[in-house]
There are 2 protein chains.
Amino acid sequence: MIHLIHRSPEEQQYLSSYDPSAFDRPSVTVDVVILTLREGQLEALLVKRKEHPYLNYWSLPGGFVLTHESLDEAAARVLRQKAGLEGMVGMERESPHKHPVYLEQLYTFGDPRRDPRMRVISVAYYALVEASHIREAGEEIALFKLRTPEGASSVEIFDSKNKKYSLAFDHAEILGVALRRIRGKLSYTPIGFELLPERFTLRQLQAVHETILQKKLNKDSFRRKMLASGMLEATGELERGLGRPAELYRFRREV
Amino acid sequence: MIHLIHRSPEEQQYLSSYDPSAFDRPSVTVDVVILTLREGQLEALLVKRKEHPYLNYWSLPGGFVLTHESLDEAAARVLRQKAGLEGMVGMERESPHKHPVYLEQLYTFGDPRRDPRMRVISVAYYALVEASHIREAGEEIALFKLRTPEGASSVEIFDSKNKKYSLAFDHAEILGVALRRIRGKLSYTPIGFELLPERFTLRQLQAVHETILQKKLNKDSFRRKMLASGMLEATGELERGLGRPAELYRFRREV
DNA sequence: TGACTTATATGCATCTTGGATATATACTTC
DNA sequence: GAAGTATATATCCAAGATGCATATAAGTCA
């Protein structure tokens with residue numbers, strides 16, 4: 001899916017200074033879809049482009065894959081450096097106390113014209129991050145609400161004032177693939193817990209699944225399925241709040 | 001997963017003629033896992049390498065992504081040119097008479113040392129092909145039986161005389177990912193029909209699922225699920241053979 | 001304390017699944 | 001052509017999963 005945009009003379013000149021045919025090899029980047037949950041809404045972290053093409057458009061955080069790093073490492077680096085998650089990201093889940101970021105390869109996008117400058121192949125990743133770990137850095141990095149029009153494969157994004165934006169490159173398509181992936185994954189994993197604090201109640205987990213899937217779930221069967229899956233363990237602790245306090249659960253990472 | 005192999009002096013010299021640091025950009029290839037079914041066994045099409053490294057090792061058919069072709073196109077080209085499927089492959093399923101080849105992107109492998117010459121990122125695809133479409137071309141292209149040791153992530157390959165081989169590069173790992181993908185996919189699609197002729201009986205389809213999943217399935221519930229899915233349509237024709245002839249079904253591509 | 005709110009437990013009708021059995025329809029053999 | 005054999009399809013039922021209603025438990029707040 002190629003977006004046709006109007007190009008300014010300045011941008012035209014910039015583009016013409018590239019000579020795509022001079023390179024046999026494509027550039028390879030990683031782009032990371034960072035999903036989080038705020039106020040019952042699924043949101044994605046986007047960065048504002050400071051270069052042509054798509055100057056001032058919002059885009060997925062991304063970067064070139066360096067010579068000596070693996071794709072997973074490149075994605076983790078982007079998460080740390082470009083997305084303001086310094087110190088939080090580790091692919092390995094070594095520490096039992098930390099709540100590491102879930103990061104998984106999504107799909108590789110390689111349409112020859114997806115970047116007007118030159119051939120760029122992008123290996124897309126997606127990450128699930130607890131909202132409290134994200135700090136929006138001023139005008140450059142922000143969270144956007146996601147909406148998927150009925151039946152459409154692409155995704156629409158809105159800022160906190162409900163203003164709609166277009167994304168750079170094929171990034172709306174990448175977001176669409178990410179949403180479809182995570183929705184599919186929910187049917188066989190309680191992956192939603194990656195968006196919650198380390199301890200959470202079953203109701204919270206159900207709410208996460210409901211916002212991602214965009215539909216109500218049956219409370220009892222959700223409880224039963226989750227407990228029967230054996231992937232959650234009770235901590236013995238209780239939440240506090242209105243009404244009877246609920247048991248706090250934790251994901252069994254060791255299994 | 002990097003394979004450490006013994007290198008001959010000839011190969012050593014060959015490798016040292018490469019200067020990896022001279023290139024900022026990685027090379028990008030596509031490798032295609034071509035799966036088929038012969039005599040109730042799942043098999044993969046492999047090609048014998050005629051160059052260093054891994055000279056004379058069997059490997060997945062693959063090739064560099066050309067400047068102006070998409071990844072899907074590159075994979076289809078490899079399928080046509082390198083795998084002896086000339087004239088059979090089309091991503092678009094335009095023709096109702098032809099039985100097109102199922103081709104889907106699998107995963108992208110980018111460990112910096114997966115190719116000892118230089119940085120090569122491989123976008124892996126997998127294809128499901130009806131056995132009758134494949135012609136093994138002498139010593140260069142052959143089908144190998146696959147076996148997955150219990151719990152192992154990798155895959156072992158055997159030729160028709162049950163001799164075991166090691167694969168080039170990380171291709172055994174790629175095969176493992178392909179098998180896991182197709183097994184997972186069977187739980188929510190009747191994808192096995194891609195390995196059968198256009199018309200097939202439910203029993204044949206069940207046999208396909210059973211060989212891929214490596215376990216017996218319940219006949220009645222398999223029938224019910226398949227028919228209830230609405231993805232198969234009866235042709236009205238019957239197979240011929242021993243016992244009561246079974247209805248021949250066809251996959252509903254138009255839905 | 002009593003009203004309120006939410007979690008957890010229990011009971012039950014309905015749907016799905018696994019498994020057995022019965023019936024149908026071809027081919028093969030005598 | 002009748003009997004036998006093999007396999008497909010239909011029917012039935014028990015066990016399990018799921019959706020839904022109701023009852024009970026355990027906190028907070030006035």
Just to confirm, is there a sub-4.0 Å distance from OP1 or OP2 of D/dT18 to any side-chain nitrogen or oxygen of A/R224? no
For [X] and [N], what is the distance between atoms [atom1] and [atom2] respectively, to the nearest whole Å?
X: A/L227; N: C/dA9; atom1: CG; atom2: P; answer: 9 Å
X: A/Y249; N: C/dT8; atom1: OH; atom2: C1'; answer: 9 Å
X: A/K216; N: D/dG19; atom1: NZ; atom2: P; answer: 15 Å
X: A/E247; N: C/dT6; atom1: CD; atom2: P; answer: 19 Å
X: A/F222; N: D/dT18; atom1: CZ; atom2: P; answer: 13 Å
X: A/K225; N: D/dG16; atom1: NZ; atom2: C1'; answer: 14 Å
X: B/L205; N: D/dA8; atom1: CG; atom2: P; answer: 13 Å
X: B/M226; N: D/dT9; atom1: CE; atom2: P; answer: 15 Å

Can you figure out which of D/dT9, C/dT8, C/dG18 approaches the side chain of A/R223 most closely?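 Looking only at side-chain atoms, A/R223 lies closest to C/dT8.
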Of the candidate nucleotides D/dT18, C/dG18, C/dT8, which contains the atom at the shortest distance from the side chain of B/N218?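 The nucleotide sitting nearest to the side chain is C/dG18.
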Please determine whether the number of non-hydrogen atoms from other residues, nucleotides or ligands lying under 6.0 Å from atom NZ of A/K145 exceeds 12. yes
Full working for side-chain contact (heavy atoms from CB on, under 4.5 Å) between B/H171 and B/V33: CA-CA 9 Å; B/H171 289 188; B/V33 175; over 6 Å; no
Take the angle between the ring planes of B/F200 and B/F193 and call it parallel below 30°, perpendicular above 60°, tilted in between.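 Taking B/F193 first and then B/F200, their aromatic rings lie parallel (interplane angle under 30°).
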Under-4.0 Å salt bridge between B/E140 and B/K48: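 No, this pair does not count.
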For nucleotides 22-27 of chain D, give me one character per nucleotide, 5' to 3': B if any protein heavy atom sits under 4.0 Å from the base, S if the only such contacts are to the sugar-phosphate, - if neither. ---BBB
With a 4.0 Å cut-off on heavy atoms, is A/K219 in touch with a base, just the backbone sugar-phosphate, or nothing at all?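 Here A/K219 touches the bases of the nucleic acid.
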Run the numbers on B/V177 and B/F109 for side-chain contact (heavy atoms from CB on, under 4.5 Å), then give the verdict. CA-CA 11 Å; B/V177 174; B/F109 296 82; 3.9 Å; yes
Where the side chain of A/Q105 meets the backbone of A/D72, is there a donor-acceptor pair that is under 3.5 Å apart? no
Does A/E194 reach the main-chain N or O of A/I191 with its side chain, forming a donor-acceptor pair under 3.5 Å? no
